[in-house]
Amino acid sequence: MKEECLICKEPLEYLNEDIEMECVICHKKENSKTRCIKGHYVCSECHTKGIDVLYSLCLNETSKNPLEIINKMMAQPFCHMHGPEHHIMVGMALLTAYKNSGGDIELENALREMMNRGKSVPGGACGFWGACGAGVSSGMFVSIISGSTPLGEKNFGLSHKMTSRSLGAIGEIGGPRCCKRDSYLSILNAIDFVNEHFGISMKKSDIVCEYSHKNNQCIGKRCPFAKVNNKKKVAFICVHNSCRSQIAEALGNYLRKDDFQCYSCGTETKPQINRDAVRIMKELYGIDMEEKQYSKTYDKIPTPDIAISMGCEVGCPYIGREFDDNWGLQDPTGQSDEVFKEIIKQIEEKIMAM
């Protein structure tokens, strides 16, 4: 079981109505709906203790990418898998990247305002208010950079539209909540929104979640940031696509299935995969390469993110760009089982190091 309660690590429970609870750390009494199954309650102030480090982090940051910035925040000791700290971090990461991208704000004052506003959104707002604090934080960010107030006109509307866009993206995926996923969704939507309405282009990057092992309620493939949805495509390429490249495809999908989607191809094709390779792969790994694999040319596979040459002496086919690596492997065709097994061992080692 992944840890949830800051005191005993047990799962949290969410009540239907507020009851008076006492924080086990500072002993403050207040109404809340959230505690662990053993009754421990930690107030938002104690839950986010240490968050003030974000001021120096943001003021010394040069990145124009708010996703990079919030990842640095999430790596800080004060940040937990879930919690109201995310209601602050989203806006602070966006303010910092906005300033670094040419946005006209006084960053230190803006960060202080974001901290104060973000702290007012309690944990569990996503389920109890129907408004995730990370999404609201993106609206607060737009409110701050536009100077919105309850009497504003255009800026008032923009702030609401920003919150709406983030919450819409969060709602489309559904629950259970994940503070990491909802923070990333809010920031991605804010990057596009600010470019459209303020003419400031912040940078963005691909996000692959590194927190699923800490989340008891991870939704897996439904999450756009799940590793399974963001695997790099690797092509192993040789001339005939009948032996080494086929072995690499099979071992890649067997040993690194959580990280890569592997393919193989060649300039020419053979009627069948090398019989010795098929036999020995079954013997060593229980893999039947003929179940899903066949000899094919480059135009029959998706465009790869990584292209690896097996090292054919006659030269591997040109695929439209340089190879990322050349493994320089001996062709075991027609040789002994010992030679085959040595080449297979080399391929396994290279795949595990990939």
Side-chain angles (χ1 to χ4, degrees), residues 1-52 54 70 73-74 76-92 114-140 160 163-164 166-187 209 211-220 222-223 225-226:
M1 181 66 67
K2 289 86 170 179
E3 300 175 357
E4 292 191 5
C5 176
L6 301 189
I7 305 303
C8 67
K9 315 305 181 186
E10 290 295 319
L12 300 181
E13 63 177 359
Y14 297 92
L15 310 179
N16 291 324
E17 298 179 352
D18 279 333
I19 63 171
E20 186 179 79
M21 299 185 191
E22 180 178 336
C23 176
V24 296
I25 297 176
C26 70
H27 302 291
K28 175 174 63 179
K29 293 182 179 180
E30 60 187 11
N31 288 336
S32 178
K33 298 182 181 71
T34 307
R35 65 188 179 189
C36 85
I37 59 174
K38 290 190 174 181
H40 296 128
Y41 168 68
V42 178
C43 70
S44 292
E45 187 174 351
C46 290
H47 196 286
T48 58
K49 187 175 182 179
I51 199 171
D52 286 350
L54 294 186
I70 201 167
M73 295 176 174
M74 291 176 178
Q76 298 298 314
F78 74 83
C79 185
H80 307 285
M81 178 63 222
H82 305 293
E85 56 266 41
H86 298 81
H87 309 167
I88 299 167
M89 295 191 306
V90 167
M92 292 184 79
M114 185 65 239
M115 180 76 76
N116 292 335
R117 295 187 192 186
K119 283 183 175 180
S120 68
V121 183
C126 52
F128 298 128
W129 290 9
C132 169
V136 174
S137 187
S138 69
M140 292 178 181
H160 283 75
T163 303
S164 175
S166 293
L167 295 182
I170 292 168
E172 280 297 317
I173 293 174
R177 62 84 177 89
C178 173
C179 290
K180 309 304 184 193
R181 178 184 74 235
D182 297 344
S183 294
Y184 291 144
L185 286 169
S186 299
I187 287 177
C209 178
Y211 296 95
S212 59
H213 65 289
K214 295 182 178 181
N215 186 3
N216 285 323
Q217 296 85 31
C218 178
I219 61 174
R222 278 204 293 124
C223 176
F225 311 114

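Quick note: numbers below take in every heavy atom, side chains included, and nothing from hydrogens, waters or symmetry partners.
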Rounded to the nearest 0.5 Å, what's the gap from CZ on R35 to CE on M21? Could you check? 5.0 Å
When every non-hydrogen atom of G123 is compared with those of P84, the smallest separation belongs to N-CB, 4.1 Å
Is it the case that H86 and K180 place a side-chain donor and acceptor less than 3.5 Å from each other? yes
Answer yes or no: are there more than 12 heavy-atom neighbours, outside E172 itself, under 6.0 Å from its atom CD? no
Rounded to the nearest 0.5 Å, how far apart are OH of Y211 and NE2 of H80? 12.5 Å
Reference residue E4; test side chain to side chain donor-acceptor pair (under 3.5 Å); the match among Q217, K214, H82: Q217
Could you check S183 against M74 for side-chain contact (heavy atoms from CB on, under 4.5 Å), going step by step and ending with a plain yes or no? CA-CA 10 Å; S183 294; M74 291 176 178; 4.0 Å; yes
Student check: side-chain heavy atoms of C132 and H87 closer than 4.5 Å: no
For a quick test of reading the model, state the closest non-hydrogen atom pair linking M140 to V121 and the distance between them. CE-CG2, 3.5 Å
Answer yes or no: does atom NZ of K49 have more than 12 heavy-atom neighbours from other residues, nucleotides or ligands under 6.0 Å? no
Is there a side-chain contact between C43 and E30, using heavy atoms and a 4.5 Å cut-off? yes
Shortest non-hydrogen separation from S32 to Y41 and the atoms involved: OG-CE1, 3.4 Å
Within the distance-only criterion (no hydrogens, no angle test), does the side chain of S138 pair as donor or acceptor with the backbone N or O of G135 below 3.5 angstrom? yes
If you look at every heavy atom in V90 and A134, which pair is closest and at what distance? CG1-O, 3.7 Å
Any side-chain heavy atom of T34 within less than 4.5 Å of one from F128? yes
Look at the side chain of S137 and the backbone N and O of G133, then say whether any donor-acceptor pair between them is shorter than 3.5 Å. no
Stepwise side-chain contact (heavy atoms from CB on, under 4.5 Å) test for M115 and I51: CA-CA 9 Å; M115 180 76 76; I51 199 171; 3.9 Å; yes
So, using side chain to side chain contact (heavy atoms under 4.5 Å, CB included) as the criterion, who are the partners of I173 when residues are at least two apart? R181, L185, I219, R222, P224
Taking all atoms of both residues into account, what is the closest heavy-atom pair of G130 and L167, and its distance? O-CD1, 4.4 Å
Atom pair OG/CD of S44 and E85 - distance to nearest 0.5 Å: 9.0 Å
Using side-chain contact (heavy atoms from CB on, under 4.5 Å), reason through M89 and C79 one step at a time and then give a plain yes or no. CA-CA 10 Å; M89 295 191 306; C79 185; 3.5 Å; yes
Could you measure the distance from the CD1 atom of I37 to the SG atom of C8? Nearest 0.5 Å is fine. 7.0 Å
Note: G220 and A226 closest approach over all heavy atoms is O-CB, 3.3 Å
Kindly compute the distance separating CG (N16) from NZ (K33), expressed to the nearest 0.5 Å. 9.0 Å
Please name all residues satisfying ring pair (Phe, Tyr, Trp, His ring centres under 6.0 Å) with H40, sequence neighbours left out, ordered by chain then number. none
Say you draw a straight line from CD of E22 to NZ of K28; how long is it, rounded to the nearest 0.5 Å? 11.5 Å
Contact between Y184 and I70 at the side-chain level, heavy atoms closer than 4.5 Å - yes or no? yes
